[in-house]
Amino acid sequence: VGATSIVNPTTPVCGNSNQPIDVVIFNYSPTTINFALNNVTVNVSITGASIQTFNSPVISSGSLASGASMVVNVTPSCNLSAIGVHTFNATTVNFSDVNATNNAMAPTDVVVTAQPTPANAGSDQSFCVPTGNLSGNTPIVGVGTWTLISGSGVPSSPNSPTSAITGLGTGPNTFRWTISNPPCPDSFDDVIITGEAPPTIVLTSAPGTNAQTVCVNNAITPVTYTIGGSATGAFASGLPGGVNGVFSAGTFTISGTPALAGTYNYTVTTTGGLCAPVVQPGSITVNPDATITLTSAVGTDNQTICINN
């Protein structure tokens, strides 16, 4: 009976401290071996990246037919945490063996690889759609890859920890940073990238109310705008005295009574959110009251004459 191969671990294997070792033995004898009468000891040692020997299991029960093989568990827990090439040697000892040349298997190299760097996808972030950025950790061991789990968005450089995002959707979008170093299990971490919609301003009062003409000391027709997207407010600049802008519940209203004649080109600007503000222009022209001025000689506006003169 001789050892022929290592079936566990196979190469490559992920570094760990609880690796079982299983060896295949083969009965070269022309007859069945009775282990109760003819015990077989299996010896295994490791050289290379680690140097280890084990308590040799003794097979003392059962039998093995001629030309048959069986798997023997040498140990349920071997420390294979050292990274590199481990050379396994296995041989059998049988007191009635008449041909010891086939007792030992050929040395077998098993490559032990490192666990991948623990993945860290970074903190949750918010960006103005449709672009954003990711901020994962740089792998020391393994290769990192970004994938979209939910929502929308495309990592432009999926293997870069700090990849940009294109096509980012509005609302929460979940991306996963996976670091792989086969045959070890992947390490992964998720991050939520929230996309904010750009702000919007839409005139909701009658067309032309954002470019109206009134007389001084006369109330303007109220001008209303709906403020949308990620904007949370708005303000106006350039309004005439006596006219003000007020934001309430998503609506910005300009109203009042101008006190001074002139042409006022105003702007309404959104506030709040991450996106660049939107600016909407408008104008209010304030005409002065009509006047009459006497330009002839004094008293011509109050004179007396004879008939036919």
Side-chain angles (χ1 to χ4, degrees), residues 1-120 139-145 176 178-189:
V1 175
T4 60
S5 62
I6 294 281
V7 292
N8 190 19
T10 57
T11 188
V13 65
C14 187
N16 68 94
S17 59
N18 293 288
Q19 175 62 53
I21 298 178
D22 296 320
V23 175
V24 176
I25 64 173
F26 182 83
N27 184 5
Y28 293 98
S29 170
T31 60
T32 297
I33 184 172
N34 185 335
F35 293 122
L37 301 175
N38 192 357
N39 296 168
V40 172
T41 302
V42 180
N43 299 316
V44 173
S45 64
I46 302 175
T47 59
S50 66
I51 298 176
Q52 303 181 58
T53 57
F54 307 94
N55 293 326
S56 302
V58 178
I59 308 171
S60 58
S61 63
S63 62
L64 184 63
S66 173
S69 61
M70 64 182 290
V71 176
V72 178
N73 178 249
V74 176
T75 178
S77 179
C78 166
N79 188 347
L80 284 186
S81 56
I83 308 306
V85 178
H86 299 247
T87 301
F88 283 74
N89 302 277
T91 186
T92 59
V93 177
N94 177 3
F95 74 88
S96 65
D97 198 342
V98 295
N99 183 10
T101 59
N102 56 17
N103 286 5
M105 72 175 195
T108 300
D109 290 339
V110 174
V111 177
V112 176
T113 60
Q115 295 276 355
T117 301
N120 184 344
I140 297 174
V141 176
V143 176
T145 304
R176 175 166 294 173
T178 302
I179 300 179
S180 303
N181 191 39
C184 296
D186 292 343
S187 174
F188 66 86
D189 188 36

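Values below: all heavy atoms of this structure, side chains included; hydrogens, waters and symmetry mates excluded.
Of all non-hydrogen atoms in Pro139 and Gly144, the two that sit nearest each other are CG-N, 3.8 Å. Nearest approach of Pro182 to Thr113, heavy atoms of both residues: O-OG1, 4.0 Å. When all heavy atoms of Ala3 and Val23 are compared, the closest pair comes out as CB-CG1, 3.9 Å. In plain terms, the two heavy atoms of Ile25 and Val72 that are nearest each other are CD1-CG2, 3.9 Å. Between Ala36 and Asn34, the shortest heavy-atom distance links the atoms N-OD1, 3.0 Å. Minimum heavy-atom separation, Thr11 to Val111: OG1-N, 2.8 Å.
How far CG of Asn39 is from OG1 of Thr92: 12.5 Å, rounded to the nearest 0.5 Å. Note that OG1 of Thr117 and CD1 of Ile179 are 5.5 Å apart. Values are rounded to the nearest 0.5 Å. Summarising the geometry, atom CG belonging to Asn103 is positioned 11.0 Å from atom OG1 belonging to Thr41; distances are rounded to the nearest 0.5 Å. Atom-to-atom distance recorded for Ile33:CD1 and Ile59:CD1 is 8.5 Å, nearest 0.5 angstrom.
Residues in residues 72-90 take part in these side chain to side chain donor-acceptor pair (under 3.5 Å) pairs, two or more places apart or across chains: Asn18-Ser77, Asp22-Asn73, Ser50-His86, Asn79-Ser81, Thr87-Asp109. Among residues at least two apart or in separate chains, there is no disulfide bond (SG atoms under 2.5 Å apart) pair with a member in residues 27-57. Applying the side chain to side chain donor-acceptor pair (under 3.5 Å) test to pairs two or more places apart or on separate chains, those with a residue in residues 55-65 are Asn43-Ser56. Applying the ring pair (Phe, Tyr, Trp, His ring centres under 6.0 Å) rule to pairs touching residues 13-34 yields Phe26-Tyr28, sequence neighbours excluded. Annotation: disulfide bond (SG atoms under 2.5 Å apart) contacts involving residues 13-74, sequence neighbours excluded, comprise Cys14-Cys184. Within the structure, no pair that satisfies the disulfide bond (SG atoms under 2.5 Å apart) test touches residues 17-76, not counting sequence neighbours.
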Check step by step if side chain to side chain donor-acceptor pair (under 3.5 Å) holds for Ser180 and Asp186. CA-CA 5 Å; Ser180 303; Asp186 292 343; 2.9 Å; yes
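Ile46 has its side chain within reach of Phe54: a pair of non-hydrogen atoms, C-beta onward, lies under 4.5 Å apart. Contact of the Ser69 side chain with the Thr4 side chain is not registered, since no non-hydrogen atoms from C-beta on lie closer than 4.5 Å. Between Met105 and Ile6 the shortest side-chain heavy-atom distance falls below 4.5 Å. Residues Leu80 and Gln52 are in side-chain contact: their nearest non-hydrogen atoms beyond the backbone lie under 4.5 Å apart.
With sequence neighbours excluded, no residue forms a side-chain contact (heavy atoms from CB on, under 4.5 Å) with Ile51. Legend: residues meeting side-chain hydrogen bond (donor to acceptor under 3.5 Å, both in side chains) with Asn16, ordered by chain and number and at least two apart, are Gln19. Contacts of Ala68 classified as side-chain contact (heavy atoms from CB on, under 4.5 Å), with partners at least two apart in sequence or in another chain: Leu64, Ala65. Looking at residues two or more places apart in sequence or on another chain, you find a side-chain hydrogen bond (donor to acceptor under 3.5 Å, both in side chains) between Thr145 and Asn159. Remark: Ser29 engages Thr31 in a side-chain hydrogen bond (donor to acceptor under 3.5 Å, both in side chains) (not counting sequence neighbours). With sequence neighbours left out, Cys78 forms a disulfide (SG to SG under 2.5 Å) with no residue at all.
Within the 3.5 Å criterion, the main-chain N or O of Ala106 finds a donor-acceptor partner in the side chain of Thr108. With hydrogens and angles disregarded, a donor-acceptor distance shorter than 3.5 Å links the side chain of Ser187 to the backbone of Ala119.
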